[in-house]
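In what follows, a single structure is set out as structure tokens and then discussed.
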Amino acid sequence: MDSAPAASRHYHRLDISQPAFWARDFRARDEVFAQLRTEPGLTWHAPPPALFPHTEPGYWAVTRHDDIAFVSRHPELFTSTLGISMDPMPIELQRPTTFFLTMDPPEHTRYRRLISSAFTPKQVRRIESQIRANATEIVGEFLADLSSGAPVDFVDSVSRKLPMRTISDMIGIDPAQRDSVAQAAEAMFGSSDEEYAALAERAEFFMAQFGILHCAGTDLARLRRAEPRDDLMSAIVAAEVDGHSLTDEEIGAFMVLLASAGNDTTKQTTSHAFEALVDRPAQREWLLEDFDARIGGAVEEFIRWSTPVLHFARHAVADTEVAGTRILAGDKLVLFYCSANRDETALDDPHIFDITRTRNTHSGFGGGGAHFCLGAWLARMQLRLLFHELLTRVPEVTLGKPEYVHSDFIHGIKRMPVHRA
């Protein structure tokens, strides 16, 4: 049992913190995580290279499904208030960029209830109708692009469109702002990729994208307070729970969370799932034989397989124990969802994409507990409606080699060329 002070601990020989590790493909990375999963207890690792000055000594890697579930479901032992980033980042910066992700109950519960109260049955019906119409239009545009005979980038033509249109329609973002908001959200999530910003510029670049999203939220909140409409933003500014309501600044922070987490995650799941189905025509045919009855289970496999969010962190509130390892108060623990979703003890044949699997205890929406993804229902709805259009209308296609986002946080595809077969 490890109970040594952080300063005297030895870093594990398998380095999962360096950019070179995250530049490897998902399967190659999981070969390393698989070794960590077999070791007793947790393993201690060096902090990743940082954009900001810090004194962090390292973190515990939580790689097994059951251990991640335990940490996630005990906020009284493992807090989110000290930060949720694997990368060393000041909590003063994390709080405004992640809203209630860096809160614990009961504060977190109050804000979650405030947001949830805006999703009335009427709002949900309207959102579903908008998603269905957008999915139909997007796939129609994709088919027109394919008919030219030239290669089409699936990410640009399909994956990135539906989530941002959904968010824009829900919130009521002006169509003239949609592209800038979408670009800021994608760039913020992919800020570790050289395509977005060089290393020396990343901190400034990250904050610039945050500013775009935050201002879009606060400006729209002020506008809806003055001139309410029949949209989600108007419902959010009017929401009240136990005498509490959201300030414009808090709504700006929620906008950052919604535009980034709600956009890029569904986008990446769409790309990975489409690639998987094109490569496995028998599974596509099985799904189409009874789409309505089978799409629910298929969507869960889409999410598990893609694992768009690779990890989040927690900090120990007091001295405690996880998997036989002594954890000291203040220690950081990083919950690797990417590892949990390939954990052989929790899933049968986890390296196989299988939409027929019946036991799918994935961590694609987190490890459970208070921070289980608030937008899980929305992601599932979008995937269900979009893949109905894709599978029933798009002819046989061939895929070029995907180009991946270089990130230690997002399992993302930047570009994926598609040709009509």
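- Taking CE of M89 as the start and CD1 of I84 as the end, the distance is 9.5 Å to the nearest 0.5 Å.
- Remark: Q94 CD to E92 CD distance equals 9.5 Å, nearest 0.5 Å.
- Within the 4.5 Å cutoff, side-chain heavy atoms of L277 are placed close to those of F302.
- Considering NE2 of H362 and CG of D343, their distance stands at 14.5 Å, rounded to 0.5 Å.
- Each of V62, T79, L335 was evaluated against R314; a single residue qualifies, L335, per the side chain to side chain contact (heavy atoms under 4.5 Å, CB included) test.
- K414 is not listed as a side-chain neighbour of V155, based on a closest heavy-atom distance of 4.5 Å or more.
- Considering all non-hydrogen atoms of both residues, C338 and W22 come closest at SG-CH2, 4.5 Å.
- When D231, D219, D230, D248 are each tested for a salt bridge (Lys or Arg N to Asp or Glu O under 4.0 Å) with R224, only one passes: D231.
- With hydrogens and angles disregarded, no donor-acceptor distance shorter than 3.5 Å links the side chain of K332 to the backbone of P57.
- The main-chain N or O of N360 is never found under 3.5 Å from a side-chain atom of E300 such that the two would form a donor-acceptor pair.
- In this structure, F387 and F274 have tilted ring planes: the angle between them lies in the 30° to 60° band.
- A donor-acceptor pair under 3.5 Å links the side-chain atoms of S339 to the main chain of T63, judged by distance alone.
- Residues V139 and L390 form a side-chain contact, since some pair of their non-hydrogen atoms from C-beta on lies under 4.5 Å apart.
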Take E301 and R304, measure what salt bridge (charged side-chain N to carboxylate O under 4.0 Å, His left out) needs, and give me the verdict at the end. CA-CA 5 Å; E301 183 67 351; R304 181 196 76 85; 2.9 Å; yes
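- The side-chain heavy atoms of T81 and T102, taken from C-beta on, include no pair separated by under 4.5 Å.
- No more than 12 heavy-atom neighbours from other residues, nucleotides or ligands sit within 6.0 angstrom of CD on E396.
- Side-chain N or O atoms of H65 include one that pairs as donor or acceptor with a backbone N or O of T361 at under 3.5 Å.
- Residue pairs meeting the salt bridge (Lys or Arg N to Asp or Glu O under 4.0 Å) criterion with at least one member in residues 95-121, sequence neighbours excluded: R113-D242.
- Not one N or O on the side chain of S129 forms a donor-acceptor pair closer than 3.5 Å with the backbone of R126.
- Here the shortest heavy-atom pairing between W305 and P350 reads CZ3-O, 4.2 Å.
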Please step through side-chain contact (heavy atoms from CB on, under 4.5 Å) for the pair F142 and V152, ending with a clear verdict. CA-CA 8 Å; F142 177 54; V152 178; 3.9 Å; yes
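- Using bins of under 30°, 30° to 60° and over 60° for the plane-to-plane angle, the ring pair H388/F291 lands in the perpendicular bin.
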Passes salt bridge (charged side-chain N to carboxylate O under 4.0 Å, His left out), R165 versus E141? Steps please. CA-CA 14 Å; R165 286 193 192 181; E141 293 167 350; 3.4 Å; yes
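- Remark: L42 CG to I327 CD1 distance equals 5.0 Å, nearest 0.5 Å.
- A side-chain donor-acceptor contact under 3.5 Å links N341 to the backbone of S363.
- Taking 4.5 Å as the limit, every side-chain heavy atom of M381 sits out of range of all side-chain heavy atoms of T166.
- Nearest heavy-atom pair, S306 versus Q268, reported as atom, atom and distance to 0.1 Å: CB-O, 4.4 Å.
- Checked against a 6.0 Å centroid threshold, the rings of F78 and H315 do not count as neighbours.
- D349 and R357 get closest at one heavy-atom pair: O-NH2, 3.2 Å.
- At least one donor-acceptor pair under 3.5 Å links the side chain of H406 to the backbone N or O of P19.
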Tell me, with the steps shown, if L374 and S116 meet side-chain contact (heavy atoms from CB on, under 4.5 Å). CA-CA 8 Å; L374 179 63; S116 298; 3.3 Å; yes
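- With values rounded to the nearest 0.5 angstrom, R342 atom CZ is found 12.5 Å from E31 atom CD.
- Atom-to-atom distance recorded for M86:CE and F312:CZ is 12.0 Å, nearest 0.5 angstrom.
- Ion pairing between K267 and D264 holds under the 4.0 Å rule for side-chain N and carboxylate O.
- Annotation: E76, atom CD; neighbour count of heavy atoms from other residues, nucleotides and ligands within 6.0 Å is above 12.
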Could you please spell out the steps behind the side-chain contact (heavy atoms from CB on, under 4.5 Å) verdict for T270 and Q382? CA-CA 9 Å; T270 299; Q382 291 181 85; over 6 Å; no
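- Crowding of R420 atom CZ: a count of heavy atoms from other residues, nucleotides or ligands under 6.0 Å not exceeding 12.
- Of all heavy-atom pairs between P48 and Y59, the closest is CD-CE2, 4.1 Å.
- Aromatic ring orientation, F26 versus H411: tilted (interplanar angle from 30° to 60°).
- At a threshold of 4.5 Å between non-hydrogen side-chain atoms, the residues D408 and D87 count as touching.
- Between R37 and D67, none of the side-chain N atoms (NZ, or NE/NH1/NH2) sits under 4.0 Å from a carboxylate O, so this pair counts as no salt bridge.
- Using a 4.5 Å heavy-atom threshold, the side chains of H108 and S80 count as separate.
- Side-chain atoms of R29 come within 3.5 Å of backbone atoms of R24 as a donor-acceptor pair (strictly under, hydrogens ignored).
- Under the ring pair (Phe, Tyr, Trp, His ring centres under 6.0 Å) criterion, W377 pairs with F119, sequence neighbours left out.
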Run the side-chain contact (heavy atoms from CB on, under 4.5 Å) check on T218 and E249 step by step: do they pass? CA-CA 6 Å; T218 55; E249 287 298 307; 4.0 Å; yes
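- With R294 contributing its side chain and I355 its backbone, the two residues share no donor-acceptor pair below 3.5 Å.
- Within the 4.5 Å cutoff, the side chain of N134 has no heavy atoms near those of the L385 side chain.
- Put simply, the side chain of R415 never gets that close to the backbone of D153: no donor and acceptor are under 3.5 Å apart.
- Between V181 and M164, the shortest heavy-atom contact is CG1-CE, 3.3 Å.
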